[in-house]
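Okay, so here's the structure we're looking at.
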There are 2 protein chains.
Amino acid sequence: MERELPTSLLMFIASRAAADRIFRTLQDAGFTDVTIAQSRLAMGLDPGGTRLSVLADRAQIAKQTATAIVDKLERAGYVERVPDPTDGRARLVRMTARAEAIIPLARAEEARIEAEWEAHLGPKRMAQLRDALTSLREITDPYR
Amino acid sequence: MERELPTSLLMFIASRAAADRIFRTLQDAGFTDVTIAQSRLAMGLDPGGTRLSVLADRAQIAKQTATAIVDKLERAGYVERVPDPTDGRARLVRMTARAEAIIPLARAEEARIEAEWEAHLGPKRMAQLRDALTSLREITDPYR
DNA sequence: TAGGATAGTCCCATGATCGAACTACTATAG
DNA sequence: CTATAGTAGTTCGATCATGGGACTATCCTA
C-alpha cells in the first residue's frame, strides 16, 4: 500500500511531469540549448518587453541570477536587451523571432497535456481541479 | 484581467510556495545547511535505509547527482552510508538521528500548510483537489 | 540640488546537474 | 565452473543556477 503524500508533493509530481514533457518537446524540435530555468524566466516575458527585475520577481530568483540567465538567452539569440525609453537606468528584455518560434510548440504540447489530463479525470473533475488550484493561487502566489 | 494559466503552472506555484515555507521553517529552526535539492532527495529515504540508485530514481536525478548530494548530506551529518548486506556492490543510505530531528518539524509545517489550504478552499473542494491529484499521479508519476 | 532609492551589472563562492569512463561486485550462459 | 554481460556506486570534468556583497548610472523627492 502507498502512504498518503502531501498535497503539495502531488502537485509537484504532476507539474514536473508536464515541465519535463514540454522541455523534451523543445529538445526534439531542435531547440537543444534552452534549459528549464531559462524557459521559466522566459515565461515571464511580456509582448512588448519586460524589465529584468520584473522577470526576476516573477521567476522568484535574485537579480543576479536573472542577469546570468538573460545573458545566456541573449547569447543564444532568444532575447535582446533594449533601452527602456521611460527610464534611463532600465533595459527591456524582449523576445526575438527565434524565441517566438518556440511559443506555439510549447503551447501545443501544453494543450496536449491538458487534454490528456482531462481525458483521464473527466471534464468535471478537471474543472474542479482547475477551480481549486486557481483559488489556491490567492494565498500561494507571491505575485498577484 | 489575468490570463488563464496552464494547470501545471498553477500546481507549480502552489507546490513551490509549500516547499519554500517548509524550507524556511527548517532554516529558522537552525538547520541552515540543508538545501531544497537535498531535502528532496532525503524525502525518498526509507526507514531502514535506501540504495542510492533508488533515491536517484525517486528524485528523478542522475546517479552522479545523487552521489554528490548524499556526499554533502553525509558531510553535514544527516545520513550515513552502510554496506548492503544483500549485495556487495550496493550501500544503503540511512538517516542519522540528526536528520530524524528534522522530520517532525517538516511534517508539522506541511500539516499547517494543508490546514491553511483547506481553510481557504473548504473541506469539499480540498477533498476534490486531493482526489484529482491522486488520480493524476497514475499518469504523471514515473515511479508508481 | 543633495541624499536616498532603484535598475542593472560584476565578482565570487557554492550547489546542482549530467555525460563519460571507471572499479567492484553479481548473475548468467554455456 | 569460468567467461562475460550487467549492475551499484564513484570519480572526473564541464556547465548551469543561485545568491551575497559591492558597484555605477540614473531617477526621484524633500
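Side chains included, hydrogens not; waters and symmetry mates left out as well; all remaining heavy atoms used. Note that the coordinates shown come from a computational prediction; the quantities given were computed from them, not determined experimentally. Naming convention: chains lettered A, B, ... in sequence-line order (proteins, then strands); numbering from 1 in each chain.
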Pick base, sugar-phosphate or nothing for B:Thr67, based on heavy-atom distances below 4.0 Å to the nucleic acid.
base

Base, sugar-phosphate alone, or nothing: which one does A:Ala37 contact when heavy atoms must sit under 4.0 Å apart?
sugar-phosphate

Around atom CZ of A:Arg81, are there more than 12 heavy atoms from other residues, nucleotides or ligands closer than 6.0 Å?
yes

Side-chain N or O of A:Thr65 closer than 4.0 Å to phosphate OP1/OP2 of D:dG19
yes

Which listed nucleotide (C:dG8, C:dT6, C:dA16) is nearest to the side chain of A:Arg51?
C:dG8

Base, sugar-phosphate or nothing for A:Asp87? Non-hydrogen atoms, less than 4.0 Å.
sugar-phosphate

CG of A:Leu73 versus P of D:dT15: gap in Å, rounded?
18 Å

Quick one: A:Gln27 CD to C:dT17 P, roughly how many Å, whole number?
16 Å

Toward the 5' end of DNA chain D, by each residue's nearest nucleotide, A:Lys63 or A:Ile36:
A:Ile36

Closest to the B:Arg89 side chain: D:dA8, C:dA16, D:dC16?
D:dA8

Return the 5'-most residue of the pair A:Leu52, B:Arg75 with respect to DNA chain C, ranking by each residue's nearest nucleotide.
A:Leu52

B:Glu116 vs A:Leu136 side-chain heavy atoms within contact, under 4.5 Å
no

Holding to side chain to side chain donor-acceptor pair (under 3.5 Å), I want the full list of residues that pass it with B:Thr50, two or more places apart in sequence or in another chain.
B:Asp46

Taking only side-chain nitrogens and oxygens of A:Arg81, does any of them come within less than 4.0 Å of OP1 or OP2 of C:dT9?
yes

Output the single nucleotide from D:dG19, D:dA17, C:dG15 whose closest atom is nearest the side chain of B:Gln38.
C:dG15

Side chain of A:Ala90: nearest nucleotide among D:dT7, C:dG8, D:dG19?
C:dG8

Short side-chain donor-acceptor distance under 3.5 Å, B:Thr96 and B:Glu80
no

Short side-chain donor-acceptor distance under 3.5 Å, B:Thr7 and A:Glu114:
yes

Which is true for A:Ala68 with a 4.0 Å heavy-atom rule: it touches a base, it touches only sugar-phosphate, or it touches nothing?
base

Taking any heavy-atom pair under 4.0 Å as a contact, classify A:Ser53: base, sugar-phosphate, or nothing.
sugar-phosphate

Taking only N and O in the side chain of B:Gln64, is any of them less than 4.0 Å away from OP1 or OP2 of C:dA16?
no

Mind checking if B:Arg40 touches a base, just sugar-phosphate, or nothing, with heavy atoms under 4.0 Å?
nothing

